Every structure is written in structure tokens, then in C-alpha cells.
Amino acid sequence: FKMKKQLLIAAVAATMASASMADISITGAGMAKFVTTDTAGTGTDSHTTSQEMDLKVTGKSGDTTVVMAFDMNGASTVTAGDQYISTKIGDVSIKMGDFIGGKSTLTKRSARADKLSASMNVGTAKITYENNASNTAGAVYVSADLGGVAATYKQKDGSNEVHLSGSVGGVAVKYRGIDKDAANSDMSLIQVSGTVGGVALTYADASTDASANVNGDGFFGDLNGSAGTSSAGAGADITGFSAAMDLAGNAVTFKSVDIDGTSAQDKTINSITAVRGLASGATLTTKYTMTDVVAANTDTDTLEVKLSVAF
């Protein structure tokens, strides 16, 4: 009888433990990369390896979600990633904590810092308030569908933004315009994409005023310079074209980006990327990039080989 009682207690405890753990999930990703760069003339060649491991714990209770993420980038310490809580208060959705912004082609993503985002639907529109990463100002976003066109207006401290996206005859079209209070700092982006004969084609064109910095990390690649500047230089106009297709089970993308900036920063970046899933569960990504720069001894050929896995 005593043994049966112990077994019953253990079974009940196991059931309770399973119930308490049912709304907790753990996901993560790992990446290891080798990069070799050959620089023309008297430039310096390089051969580097790096790795990045991420872990994310998500807990849910009803409409409330808590996220705790941790990053390991080859250093001996673990750094905090996104750490936030999201919930609802009546019709208002709330997100509070440290969370980084999404990728953007024109501007760099907002920093991971103490932030608050609150949004609610008003009729067919969605209104969102978000404070900035430095907690010095806030922004109001209004989003709505206007006859099949997704439209967003953003009123920020020091700037106004308009985002439009839709489809015309099977061709996706996106527009983003940024009007800044600072002189000569406006910029805009037009991006069109579609598929022809199984090949996904994309063209993007960014136009800037003399003091504007395109420092995003979207279609053109990572152009974020120091202190909010652009690695392409202020006032640079940028165009890009890509063609993506499946070749023998590999996801292959050809891309060309042309940066028209100052004479020392003019460059053309051509790349080919092949991505293939392996039987081991990992993903192999191989990328070869040729960068042609106007300045002497700065042209580069770069080969990047990356193994990654998500779980």
C-alpha cells in the first residue's frame, strides 16, 4: 500500500509539473562562420572565424507573454537579448521592456533599450505609440488599408514618415518617404518585386538629400556606420537589383548594389549566395562578394561560408 501511495504521489506530481511547463518554450539558434577576404594592391587580406549562439525562453499565460533571450557571440560572457513582457489591457496591446527594432533598408533599426509600445484598433485603423530607445521622445504611428494599399504614417521627434505598399498586376510595390526637420536630410525608397519564369526579381532605389544617411540593414546590406552615419556616406544614392531562384536544390540569389556617393565612396557590390539544407539538420550558406571601389587598393573579393541551425 505504501508503494502504491508513493507511485500515486509521483504520478500526480508529474502531471502537475507537465501542466506548469506547458506554456513555456525554449528555442534557439547557432551559427559558425569562416570569412576570407582578398584586398587588391597593397591592401590587407584577412581570414577570420566567428560564432554566435542564441537562446530564447518564452512563457505564456493567457494573453500575456514574457520573453527572455540570451546571446553568446564568441566572448566569454553571455549578453542579454530581448527581454520584454507583452499583454492586453482592455483593447490596448502593450509591450514593455528591452526589444530591438526590425530590419529596415533606409534607416538603422531602433536600439535594444527600455521601451514601451501601446497599440489599439480604432475603426479600420491601428494607432501605435512607442517611446524611443533613449526615452527622450515618443512616436505615433497610424496604419490602415486604403483600397488595397497598406499605408502607415509615422510622426516622430524630428521627422515624419510615409510607408505605402501594394500590388499592381502581380508586381509588389513599396514606397517609404522620410521628411526630416534637419536641413538636407530627407530620403526616400522605392522597391518593386515580382516573379518571372520561377525567378524572383527585386529592384530598389534610394534617393537622398546631401546630408541624409542611408544606414539600414535591409535589401542593400548593412550600411550602418558609426554614430548613426552611413558607411555609404552622406548624400549617397543607392540602387540594387537581385534575382533569386532554385538551382539543383540550392536557393541561389544574385545581387548587385551600386552606391553613388562621394568620389572616394563610390562602389559596386556584386554577390552570389547559395543556401542549402543539409541532411544533418544544419543549413549551409556560401556567399561570394566582389566589391569594386573607386579608391585605390580597396577592391575586395570575399568568400563567406556559414553553418547554422535553429531549434
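The shown structure was predicted, so the numbers you read here are calculated from the model rather than taken from an experiment. These numbers come from the heavy atoms of this one structure, side chains and all, not from hydrogens, waters or symmetry mates.
A donor-acceptor pair is defined here as one N or O able to donate and one able to accept, closer than 3.5 Å; no such pair exists between the side chain of Asp186 and the backbone of Asp209. When atom types are taken as modelled, the side chain of Asp82 and the backbone of Ile100 share a donor-acceptor pair closer than 3.5 angstrom.
In plain terms, the two heavy atoms of Ile94 and Ala118 that are nearest each other are CD1-CB, 3.7 Å. Residues Leu201 and Ala243 share a closest heavy-atom pair of CD2-CB, 3.7 Å. For the residue pair Ser211 and Ala183, the shortest heavy atom distance occurs at CB-O, 4.0 Å. Closest approach of Asp237 to Ser207, counting heavy atoms only: OD1-CA, 3.4 Å. Scanning all heavy atoms of the two residues, the minimum distance from Ser193 to Thr202 falls at CB-OG1, 3.5 Å. Closest non-hydrogen pair, Thr208 versus Ala236, comes out as OG1-O, 3.0 Å.
Ring orientation note: the planes of Tyr84 and Phe99 are nearly perpendicular, at an angle over 60° on the 30°/60° scale.
Seen from the ring of Phe219, Lys174 does not count as a face-on cation partner, given the 6.0 Å and 45° thresholds.
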Original post:
Where do Thr87 and Asp63 land on the side-chain hydrogen bond (donor to acceptor under 3.5 Å, both in side chains) test, with the steps shown first?
Top reply: CA-CA 6 Å; Thr87 189; Asp63 290 331; over 6 Å; no

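Here Lys156 pairs with Glu161 under the salt bridge (Lys or Arg N to Asp or Glu O under 4.0 Å) rule; sequence neighbours left out.
Around NZ of Lys95, the count of heavy atoms belonging to other residues, nucleotides or ligands within 6.0 Å exceeds 12.
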